[in-house]
Novice: 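The structure follows.
What you see is a predicted model, and the numbers here were worked out from it, not measured in a lab. For reference, positions follow the sequence shown, starting with 1.
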Amino acid sequence: MSTDIADAPAASLSNPMTAKRRDLVLRIAVPFATVAALVVVWGLYVKLSGVAPYILPGPGAVASAFVSDWGTLAPALWVTTKITFMSLLLALVGGVGFAIFLVQSRWIEIAFYPLAVILQVTPIVAISPLILIYAPSTQVALLICAFLVAFFPILSNMVQGLKSVDHNLINLFELYGASRWQTLLYLKLPAAQPYFMTGLRIGGGLALIAAVVAEFAAGSAGAGSGLAFRLLEAQYRMNIPRLFAALLMLSLLGVAIFVITSFISWLSLHRWHESSLKREN
């Protein structure tokens, strides 16, 4: 009897760990199984329908192009990745800094926030010719275009977070004589962290989209071009397997960005914020 009682706490501790591992395996296995099923359906459709490879290649042809054209696609992937992450970093710095500037005064927000809105609602394809004219190089122009698209979600979420601080806590800080910068550093910025993480996840995906769209608009070509040029090149040459391989690379890059930003968000919030805490009932 005493042995059973001693083993009970250990069993109760192991059960939550087992459930957590099972949940993690399911979160990984289910998406992979779904993608695998879709690939099988795709392959069966191509094989049974007899559709021409230059219209819809099968998974085998795409995998073969992915391997054989790796020497061409990999440098383009690196260019797109570099532009995406550099623009996202600039958007993070600019969005947070401008958000802090805006919340310092209601009149500052009224005066300058519409400018950010105008940049956001103006299609990047419409202003990319101007950026190409004034930028010192095509790569800088692509970086500016991607930055402009990723900038506003981070700014908007950060402003909302800084303005959503509990007023009672602000009054408490004022009661204890905290300066404006102390209130910002120790109260507003930590409270705005969940909003910032949301903007980070949105901005990461938009930075990749903007990098590709900007390259389409710029019409850049050559060895230093990204995956957008390789997509157009494959389209013009009717090399559809390579086009699908480039699309696969872009999709995998987008998934990687989402996973990285989601992991950063989890690291920052999982110990204290309700959005990342697991319910106990």
Side-chain angles (χ1 to χ4, degrees), residues 24-89 137-143 145-146 149-150 201 203-264:
L24 180 61
V25 170
L26 287 175
R27 285 177 178 271
I28 297 174
V30 171
F32 273 98
T34 303
V35 172
L38 291 175
V39 171
V40 170
V41 172
W42 171 21
L44 289 175
Y45 172 77
V46 171
K47 185 176 182 179
L48 296 176
S49 66
V51 63
Y54 58 83
I55 296 177
L56 179 63
V62 175
S64 177
F66 190 89
V67 175
S68 61
D69 295 334
W70 178 257
T72 301
L73 296 176
L77 174 65
W78 168 243
V79 171
T80 302
T81 303
K82 182 171 61 175
I83 292 174
T84 300
F85 278 96
M86 289 178 64
S87 63
L88 179 59
L89 179 61
S137 66
T138 303
Q139 297 298 315
V140 174
L142 299 178
L143 186 61
C145 291
V149 174
R201 290 197 298 270
L206 289 179
L208 174 60
I209 295 172
V212 175
V213 172
E215 192 169 356
F216 279 139
S220 60
S225 299
L227 281 173
F229 167 69
R230 296 304 171 188
L231 284 170
L232 292 175
E233 180 188 44
Q235 178 189 358
Y236 294 147
R237 296 182 178 184
M238 293 299 292
N239 191 345
I240 307 303
R242 178 188 285 187
L243 190 150
F244 271 75
L247 285 175
L248 177 61
M249 281 186 165
L250 283 174
S251 298
L252 292 176
L253 178 57
V255 170
I257 292 172
F258 178 79
V259 170
I260 292 171
T261 54
S262 297
F263 181 67
I264 293 173

Novice: Could you tell me which non-hydrogen atom of Leu56 sits nearest to which non-hydrogen atom of Val51, and how far apart they are?
Specialist: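 It is O-CG1, 3.7 Å.
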Novice: Taking all heavy atoms of Val212 and all of Ala228, pick out the closest pair and write down the distance.
Specialist: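 Scanning both residues completely, I find the closest heavy atoms to be O-CB, 3.6 Å.
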Novice: How close do Thr80 and Leu208 get, counting heavy atoms only, and between which atoms?
Specialist: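 Thr80 and Leu208 have their closest heavy atoms at CG2-CD1, 3.9 Å.
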Novice: How long is the gap from OH on Tyr236 to CG on Leu231, to the nearest 0.5 Å?
Specialist: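 One gets 11.0 Å once the value is rounded to the nearest 0.5 Å.
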Novice: side-chain contact (heavy atoms from CB on, under 4.5 Å) with Val140: which residues, sequence neighbours excluded?
Specialist: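 In terms of side-chain contact (heavy atoms from CB on, under 4.5 Å), with neighbours along the sequence ignored, Val140 is linked to Ala135, Pro136, Ser137, Ile144.
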Novice: Where is the tightest heavy-atom contact between Met249 and Phe66, given as atom of each residue plus distance?
Specialist: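 Scanning both residues, the minimum pair turns out to be CG-CE1, 3.6 Å.
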Novice: Once rounded to the nearest 0.5 Å, what's the spacing between atom CG of Leu243 and atom CD of Glu233?
Specialist: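 Leu243 CG to Glu233 CD: 10.5 Å, rounded to 0.5 Å.
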Novice: Any heavy-atom pair between the side chains of Leu227 and Leu253 that's under 4.5 Å?
Specialist: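 No, side chains not in contact.
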Novice: State, yes or no, whether a side-chain contact exists between Val79 and Gln139 at a heavy-atom distance under 4.5 Å.
Specialist: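 Side-chain contact under 4.5 Å: yes.
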Novice: Quick one: are Ser225 and Arg230 in side-chain contact, heavy atoms under 4.5 Å?
Specialist: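 With C-beta onward as the side chain, the pair stays apart.
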Novice: Just verifying a value: how many Å separate Phe229 CZ and Leu232 CG, rounded to the nearest 0.5 Å?
Specialist: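 Reported value, rounded in 0.5 Å steps: 8.0 Å.
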Novice: If I take atom CG from residue Leu77 and atom CG from residue Leu73, how far apart are they, to the nearest 0.5 angstrom?
Specialist: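 Interatomic distance, Leu77 CG to Leu73 CG, rounded to 0.5 Å: 8.5 Å.
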Novice: Residues in side chain to side chain donor-acceptor pair (under 3.5 Å) with Asp69, at least two apart?
Specialist: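 Counting only residues at least two positions away or on another chain, Asp69 forms a side chain to side chain donor-acceptor pair (under 3.5 Å) with Arg242.
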Novice: Ignoring hydrogens, what is the shortest heavy-atom contact between Val62 and Pro57? Give both atom names and the distance.
Specialist: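 For Val62 and Pro57, the tightest heavy-atom pair comes out as CG2-CG, 4.0 Å.
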Novice: Supply the atom-to-atom distance Leu143 CG to Thr84 OG1, rounded to the nearest 0.5 angstrom.
Specialist: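 These two atoms lie 10.0 Å from each other.
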Novice: Any idea which heavy atoms bring Ala146 and Ala211 closest together, and the distance?
Specialist: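 So the minimum-distance heavy-atom pair works out to CB-N, 4.0 Å.
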Novice: Does Thr34 use its side chain to pair, donor to acceptor, with the backbone of Val30 at less than 3.5 Å?
Specialist: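 Yes, Thr34 side chain to Val30 backbone: donor-acceptor pair under 3.5 Å.
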Novice: For a 4.5 angstrom cut-off between non-hydrogen side-chain atoms, does Ile209 reach Val149?
Specialist: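 The answer is no, as the side chains (C-beta and beyond) never meet within the 4.5 Å cut-off.
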